[in-house]
Amino acid sequence: MKRFLASILALAMTLSLAACGGGGGAASGGGATSGGGGGNSGDGVKVTIFNTKSEINSAMEQMAKEYSDSHDGVTVEVYMSNDTVAAHMATKYASKDPYTIAMVDTKDVYSLGPEHAYDLTGQPYIANATGCVELDGKIASVPFCVEARGLIYNASAIEAIIGKDFVPSDYATLDAFTALLDQLVAGGMAAPVGIMKEDWSLAAHYLAQFIEERDDVDAFVADLKAGNVDLTSDAKFNSLMDTFDTLMKYNYAASSPIAAEREVSEQKLAEGEIAFMFGGNWDWAQMASFDYSEKLGMMPLPLNGTDDANTKLVGGPSKMLFVEASSDISDESRQAALDFLTWLFSDGSKWLTEDFALVPAISTISADSLDPLSKSVSEYNTAGKLIPSYNYMPDDHITLMGAEMQKYLAGQSDRAGLAGAIQNYWKNQA
Amino acid sequence: MRRNTLSYKCQQYAMFAGLSTIAFAAVVIIPFIYGLYLTLTSWDGVSVSKPFVGLANYVSTFQDAAFWQALGRTLIYTVIAVVLVNVVAFFLAYLVTSGVKGQNFFRAGFFTPNLIGGIVLGYVWKFVFNRAFTALGTSLSIGALSTSWLATTNGAMLCLIIVSVWQYAGYMMLIYVAGFMSVSKDLIEAAEVDGCNKAQATMNVTIPLMVSSFVQCLFLTLTRCFMVYDVNLSLTNGEPFGSSIMAAMHVYNQAFTYKNYGTGQAEALVLFLVCAIVGVTQVYVGKKAEVSA
């Protein structure tokens, strides 16, 4: 009998151990790194923020700390993960420990929002915000910032060779742009262009533009899926790829374009060894760490053609913030999260524009002290010269079309081969 | 107290194996069964609803050409890497048990790469292939080195194999060293007395007696190569143009990036079965070849 009791006791202990382990795991879970929070953790409500902009993470932790210190009873914590957003969020939802505020890409709002996004209707900043996502009659998310892509230029390097002011709009057509590139080569810049080989840059950013330029994007995508589009004779596609051919020809890494590393290209551009690279204002976070030239900026992709696509950057509101709606979050936490967002977009807005160096998507926030690239984006945004980015790309678009673009970049396929691959890809989506 | 009753046996089991059973069930058995259930749903990995779709995911697994390509690629990689790892490891072990000066230092040195995690290893070697080799190639004008191997399809596979060999050879070497040490000196001396030279003694006495080391090493390298993910991710990330996506990476992409969790899970199961069949067959055949002195 004694032994029986002993073994029962042992079993009970192992079970309770396992139970403790489970609980502890869920609380710390997800492999995310945390920071901020400040000294007053343990009292009051906690607001957790999921950050997906790694370049501003330490600044966000600083903000969280100061906010927690100056607001009694509220602790803000910032978490970051380099995992795929959907995968990471799935773990958090499964462990019933979601973030109070999550920063995700627009397409993630469409998949997560219906179940998880709290209705932001009536929040003070909504009236002045552009690009909020509306789902089933509720305002599901508010954009954290405005981001856009185009051609990043180093005007200091260009002016040193051409001997006059660099006015981007003078080189809006591919013909004028090519003439400029030839002039730069003649002036001693051996190869004036850098191309990022990353699949997200090639597929999600560059290639996507021939779709985004359409007047009716949804109808065009429907046509693509139905197989009614012949890209080899499509003016916008050919114009975009003509420009890509030119960029490839003047690429500093033309002999081995797939080996080009993002950091190296960005350093060359920042320091003026090359003059142009296709990218976006997010590239500043990297470029700022180098000994950068004075005059940097962004211009629309030079395109031959009859439309006005070569006067606009592509982009818009991005990095959506939504507040968790489910009952896994207490009402007090949710209210604290809403209060925090209200603060971020009013009294706390200097964090957004100065410390994070982001272009605000809320019109009441002034943006005077932006970095050079964001300044360009802000100017184009204010002038209404942004082509909206298409947020409904299928999830495998980056990987599969990125591979096709890399083949094209490496000279392993031609225009017809690329066009065929794109058409097939979209037909398979139907 | 009677010792052959069921309740006594259960108690004994609970006492000695209860904790491990619970832990094993919690982290292996239950997730595995749950995973099997998920292959029958069209879950996207996030949403609350998990619609039941029967065997549709297995059908799409068999229709997923990219998966079979990745599996074929993994097979080629595995065959080459397993052979190279074991050949290199065996000769390293031979070297460091033959009594060369400072052999303990060499043992430690060859083993060190295994202590570095796969992700870090990938980034280190990426730097070596992209920068160090190309700089060397350019300055010495060696054509084959002047462009990065990682930028070509065959080159990227070669890089993966080189890094895997570098990573695992030291670990396998330790197992082979143990094998060499376990063979009694008497037997080798007896063989030499009988007229064997050193090579013959190794071939006919030492190697047959350390077959169990070969079985272990082959099993470890086979399963690790089939499941390779970390080096794949950090060294090539499937590039160039998706030509170095291994089976595990394709499964991850399918499940988490393309949000076809059910199909990804079904493909993971196929990968598991292939790996299990190859591994078990190899151990079974290897065990038959074992001899004892």
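Just so it is clear: chains get the letters A, B, ... in the order the sequence lines come, proteins before strands, and each one is counted from 1. Because the structure is predicted, anything quoted here is derived from the model rather than measured.
- For the atom pair CG (A/Asp396) and CG (B/Asn260), the distance works out to 8.0 Å, reported to the nearest 0.5 Å.
- Contact record, B/Ser148 with A/Ala259: CB-CB, 3.5 Å, taken as the closest heavy-atom pair.
- Looking only at side-chain heavy atoms (C-beta outward), A/Ser111 and B/Lys259 come within less than 4.5 Å of each other.
- Shown are A/Lys407, A/Lys197, A/Met405; of these, the side-chain contact (heavy atoms from CB on, under 4.5 Å) with B/Phe241 is made only by A/Lys407.
- Pairing each heavy atom of A/Leu400 with each of B/Tyr258, the nearest pair is CD2-OH, 4.0 Å.
- Using a cutoff of 4.0 Å between basic side-chain nitrogens and carboxylate oxygens, B/Arg131 and A/Glu261 are scored as salt-bridged.
- Using a 4.5 Å cut-off between heavy atoms, A/Asp108 contacts chain B through its side chain alone, with no backbone atom that close.
- Only the side chain of B/Asn253 comes within less than 4.5 Å of a heavy atom of chain A; its backbone N, CA, C and O stay farther away.
- Of the atoms belonging to A/Ile398, not a single heavy atom falls under 4.5 Å from chain B.
- Distance check: A/Ile258 CD1 to B/Thr152 OG1 gives 10.5 Å after rounding to the nearest 0.5 Å.
- Rounding to the nearest 0.5 Å places CG of B/Asn237 at 7.0 Å from CG of A/Asp199.
- Contact annotation for B/Tyr252: only side-chain heavy atoms (C-beta onward) come within less than 4.5 Å of a heavy atom of chain A.
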